Undergrad: 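Once you've had a glance at the structure underneath, I'll fire off some questions.
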Number of protein chains: 2
Amino acid sequence: MRAEIISIGTEIMLGEIVDTNAAWLAAKLPELGIDLLWVSQVGDNPGRLQEVLARAFERSELTVCTGGLGPTEDDVTREAVAAVLGEPMRVDAVQEAQLRAWFTGRGRPFIERNLKQATLIPSARALPNPRGTAPGWWVEREGRVIVLMPGPPAEMTHMWEAEVDPELARRATSVLVSRTLKTNGLGEGLVDERLSPLLAGTNPSIGIYARRDGVHVRIAAKAPTREEAWRLIAPVEQAARALLSPAVWGEDNDTLPGGVARMLRDRGLTLALMESATGGALADAITSVAGASDYFRGSLVTYATQAKVDLGVAAETVYTHGVISRATAEAMARAARERLGADIGVAITGIAGADELEGQPPGTMHVALADATSVRYHGYAYYQGRDAAKRRAVTEALTLLRTYLVEATAGRE
Amino acid sequence: MRAEIISIGTEIMLGEIVDTNAAWLAAKLPELGIDLLWVSQVGDNPGRLQEVLARAFERSELTVCTGGLGPTEDDVTREAVAAVLGEPMRVDAVQEAQLRAWFTGRGRPFIERNLKQATLIPSARALPNPRGTAPGWWVEREGRVIVLMPGPPAEMTHMWEAEVDPELARRATSVLVSRTLKTNGLGEGLVDERLSPLLAGTNPSIGIYARRDGVHVRIAAKAPTREEAWRLIAPVEQAARALLSPAVWGEDNDTLPGGVARMLRDRGLTLALMESATGGALADAITSVAGASDYFRGSLVTYATQAKVDLGVAAETVYTHGVISRATAEAMARAARERLGADIGVAITGIAGADELEGQPPGTMHVALADATSVRYHGYAYYQGRDAAKRRAVTEALTLLRTYLVEATAGRE
């Protein structure tokens, strides 16, 4: 199946936003055995949009559009599709009722101009959008499909997974399925070496990629059905896990916080944090996982030095060794678990800013972990800007925590 | 001048990389008075690439291409341009000498296949690439310009700024200047309605965009000089501010945390937080601003209910009114400022998860602010997923804080 992606929005043409929708969709199509041949972006301009759509309808069996479904005058994607297909737009009673209900449910006034979001053409059926006001369109005519989805990624990705992907999967003649194993602590070369017995195969194929959170191993298989593809992947995945264990911390969409979350839950352990340089970013990462309240007590973001002392770090430690020090980091980790009543305390103190502090360079980070009987420490200095320094410290702290959970609590499951 | 961008590379079509080059270039063109009408991505496929290039050469005065200039067989951008223009490629002696010198200088063997990077066509001159082996092409024929640049962003951006931008600036006959007004609390439709008296104009033009931190209104004017462009913008900006006031919280590159930071510093006030549902995300946002330690004391991320009580929220309040309640949010705000010794306390309690809690729907958020004498509250329920719920709560809390700083402390500067 030949596919085309069209991203619509003047803000894309002005470079105000990066079109991440096209790349996200491009990565989804191979799984459905669909070949993406064309991608284009166009502004909210009726003439140019109609020209792009007409060419797409002529050359592509599947055209996936995002953007231009809003209520404002400059959102013209529906109008352009109707014009290209020469079909009349009319307000659909069901859509209108749902739209009015959406506004009523949120106590917002319903503006008449929102009605355009309830329109359909004869060849189109509506795709529900539980995350916003603009339903999508599934347009099918002359054996060709045009899909319209909203531009906001949260709405688009949900609509794709709930409505579009299942429908395309039903029509797919071959599918590509993949399983990604995420590892930490092994270099790209070492992973390649360990997996060498498996690298000869072509279906499944194995790809090894270095990523910010470690080395990813992608096992991909092509087959007529998902079931058959998974049957090809299973033995290879099993072998790869055996060769890489215990470095595998997650799979597919797992994140480092997610992997740590699973281990904390499995082991029935609770976690507390004390952060300064990361300013809450570590707690933000931990609480990005659903159900974090089962094991996460909280974080004491002690940005001011006095706050560290008030919350359990001995003033003597801070003033003898400095705020940016291993001793303070370890005291913070102990204080966090004691003050918040957790099994494990993790702490970060360091320099996220661009200036030297206490004679230490920007990007200096002291990361510590404490349980009832032991303390672990990891220190480093690496600076690529304020935000990068915070993000990196979060990854390093999560890695320290994960390593502790693997090593110190092995067999506690 | 009508311009078009073409990003070339099969890895883009597979979704393996996001095409950030197109967005980066798109943002540069308006300042040169160049209208970007078309953007497309295409794989390293000679047939499709020639088709896209031929259409671009026909409809666009300027076509900017990135990618496909490497030494390997699947890099075919030069060949495609030569084919479309019907011009012969030949190795250029100067380019070959420079290319060989590049390899010699790095002690690398020169492979014959690299010679294709030293080729030119009669209508092309080479654009130096000090950051890589592939020079760009400036192709000019029949009053039309085609620019070829390498795909790696570090090489492309340097070539653009050193070679392409100056040449285009010399030819520019007009400039585009824009002012963005950032609003909060009004929906996209409502902003559109309020601004309708201004939307008819085309210069300045007005664009309305829904963003995470509210609705942005972009007023853009084109004129021979920046001064004239600003003269066109001034009255429209004034009118827009009047129609939207008091929803406008910032302009251009202002961020909510940045605006709040400026006001806190101006007024000599300090801030402390107590967060649960946002799990540290609010503190993370506050500490994204350099120098936050001047006014930010810290955040008590009391994810566990017991942690709230341990850190100063009366157990009676929590158990009488519930953890997810206005009363608890207000008690948290007071506890934050008292426990961390700040002038202002801001607190968030709510539901970031997908499940109902205490009979309240997902996305329910109670946001409170306390100073020495007063308390402010903002509550709402809106759910688009866990991450979106946290981000939105951060924005709402920053907005509550900003409104307080504007109203309650007016004239304190």
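All values below were derived from every heavy atom in this structure, side-chain atoms included, with hydrogens, water molecules and symmetry-related copies excluded. This is a predicted model, so every value here is computed, not measured. Proteins come first, then strands; the chains are lettered A, B, ... in the order of their sequence lines, and each starts at number 1.
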Undergrad: For A/Ala22, is it the side chain, the backbone, both, or neither that has a heavy atom closer than 4.5 Å to a heavy atom of chain B?
TA: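 No part of A/Ala22 comes within 4.5 Å of chain B.
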Undergrad: Pick one of side chain, backbone, both or neither for A/Ile286, based on which atoms fall under 4.5 Å of a heavy atom in chain B.
TA: neither
Undergrad: Looking at B/Arg339, B/Arg218, B/Glu275, B/Arg211, which has the largest count of heavy-atom pairs under 4.5 Å with chain A?
TA: B/Arg218
Undergrad: Parallel under 30°, tilted from 30 to 60°, perpendicular over 60°: which one fits the rings of B/Phe296 and A/Tyr303?
TA: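 Rings of B/Phe296 and A/Tyr303: tilted, 30 to 60°.
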Undergrad: Need one label for A/Ile111: side chain, backbone, both or neither, based on atoms under 4.5 Å from any heavy atom in chain B.
TA: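 Looking at A/Ile111, just its side chain touches chain B.
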Undergrad: Within the 4.5 Å heavy-atom criterion, are A/Met159 and A/Pro150 side-chain neighbours or not?
TA: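 Counting from C-beta outward, A/Met159 and A/Pro150 do come under 4.5 Å.
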Undergrad: Who among B/Ala290, B/Gly291, B/Gly189, B/Ala307 has the most heavy-atom pairs with chain A under 4.5 Å?
TA: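 Ranked by heavy-atom pairs under 4.5 Å with chain A, first place is B/Ala290.
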Undergrad: Side chains of A/Asn21 and A/Ser7: is there a donor and an acceptor less than 3.5 Å apart?
TA: no
Undergrad: For chain B, which of A/Val289, A/Val52, A/Asp387 has the most heavy-atom pairs under 4.5 Å?
TA: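 The option with the most such pairs is A/Val289.
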Undergrad: Answer with side chain, backbone, both or neither: which region of B/Tyr382 has an atom nearer than 4.5 Å to a non-hydrogen atom of chain A?
TA: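 Only the side chain of B/Tyr382 comes within 4.5 Å of chain A.
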Undergrad: Is there a side-chain contact between A/Val301 and B/Val301 (heavy atoms, below 4.5 Å)?
TA: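 The answer is yes, as the side chains (C-beta and beyond) meet within the 4.5 Å cut-off.
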Undergrad: B/Leu273 versus chain A, heavy atoms under 4.5 Å apart: side chain, backbone, both or neither?
TA: neither
Undergrad: Identify which of A/Arg48, A/Met274, A/Arg297, A/Lys28 forms the greatest number of heavy-atom pairs closer than 4.5 Å to chain B.
TA: A/Arg48
Undergrad: What part of A/Leu340 gets closer than 4.5 Å to chain B, counting heavy atoms only: side chain, backbone, both or neither?
TA: side chain
Undergrad: Under a 3.5 Å threshold, yes or no: a donor from one side chain and an acceptor from the other, between A/Thr287 and B/Lys390?
TA: yes
Undergrad: Which one, B/Ser299, B/Ala281, B/Ala354, B/Gly385, leads in non-hydrogen pairs under 4.5 Å with chain A?
TA: B/Ser299
Undergrad: Taking every heavy-atom pair that is under 4.5 Å apart, which of A/Thr72, A/Asn45, A/Leu29 has the most such pairs with chain B?
TA: A/Thr72
Undergrad: Need one label for A/Glu155: side chain, backbone, both or neither, based on atoms under 4.5 Å from any heavy atom in chain B.
TA: side chain
Undergrad: I'd like to verify something: which residue of A/Leu36, A/Val39, A/Asp355 has the highest number of heavy-atom pairs under 4.5 Å with chain B?
TA: A/Val39
Undergrad: Answer yes or no on whether A/Arg106 is positioned over the face of B/Tyr380, meaning its NZ or CZ is under 6.0 Å from the six-membered ring centre and within 45° of the axis.
TA: no
Undergrad: Whether B/Arg391 and B/Asp213 form a salt bridge (side-chain N of Lys/Arg under 4.0 Å from carboxylate O of Asp/Glu) is what I want to check.
TA: no
Undergrad: Do the side chains of B/Glu51 and A/Arg59 get close enough for a salt bridge, i.e. N-O under 4.0 angstrom?
TA: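 Here B/Glu51 pairs with A/Arg59 in a salt bridge, since their nearest N and O are under 4.0 Å apart.
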Undergrad: Need one label for A/Arg131: side chain, backbone, both or neither, based on atoms under 4.5 Å from any heavy atom in chain B.
TA: both
Undergrad: Regarding A/Thr270 and A/Asp343, do their side chains bring together a donor and an acceptor under 3.5 Å, going by distance alone?
TA: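 Judged by distance alone, the side chains do pair up.
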Undergrad: Taking the basic N atoms (NZ, or NE/NH1/NH2) and the acidic carboxylate oxygens, is any pair closer than 4.0 Å for B/Asp35 and B/Lys222?
TA: yes
Undergrad: Who wins among B/Ser293, B/Ser178, B/Gly353, B/Ala272 for the most heavy-atom pairs under 4.5 Å with chain A?
TA: B/Ser293
Undergrad: Please identify, among A/Ala23, A/Gly298, A/Ala304, A/Gly279, the residue contributing the most non-hydrogen atom pairs under 4.5 Å to chain B.
TA: A/Gly279
Undergrad: Measure distances from B/Ala220 to the heavy atoms of chain A and classify the residue's part below 4.5 Å as side chain, backbone, both or neither.
TA: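 When you check distances to chain A, no heavy atom of B/Ala220 falls under 4.5 Å.
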Undergrad: Please classify the contact between A/Thr133 and chain B as side chain, backbone, both or neither, with a heavy-atom cut-off of under 4.5 Å.
TA: neither
Undergrad: Shorter than 4.5 Å, heavy atoms on both sides: which option in B/Arg55, B/Gln306, B/His216, B/Glu193 has the most such pairs with chain A?
TA: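 The residue among B/Arg55, B/Gln306, B/His216, B/Glu193 with the greatest pair count is B/Arg55.
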Undergrad: Have A/Thr349 and A/Lys308 got a donor and an acceptor in their side chains that come within less than 3.5 Å?
TA: no
Undergrad: Measure the shortest side-chain to side-chain distance between B/Val346 and B/Leu271 over non-hydrogen atoms and say whether it is less than 4.5 angstrom.
TA: yes
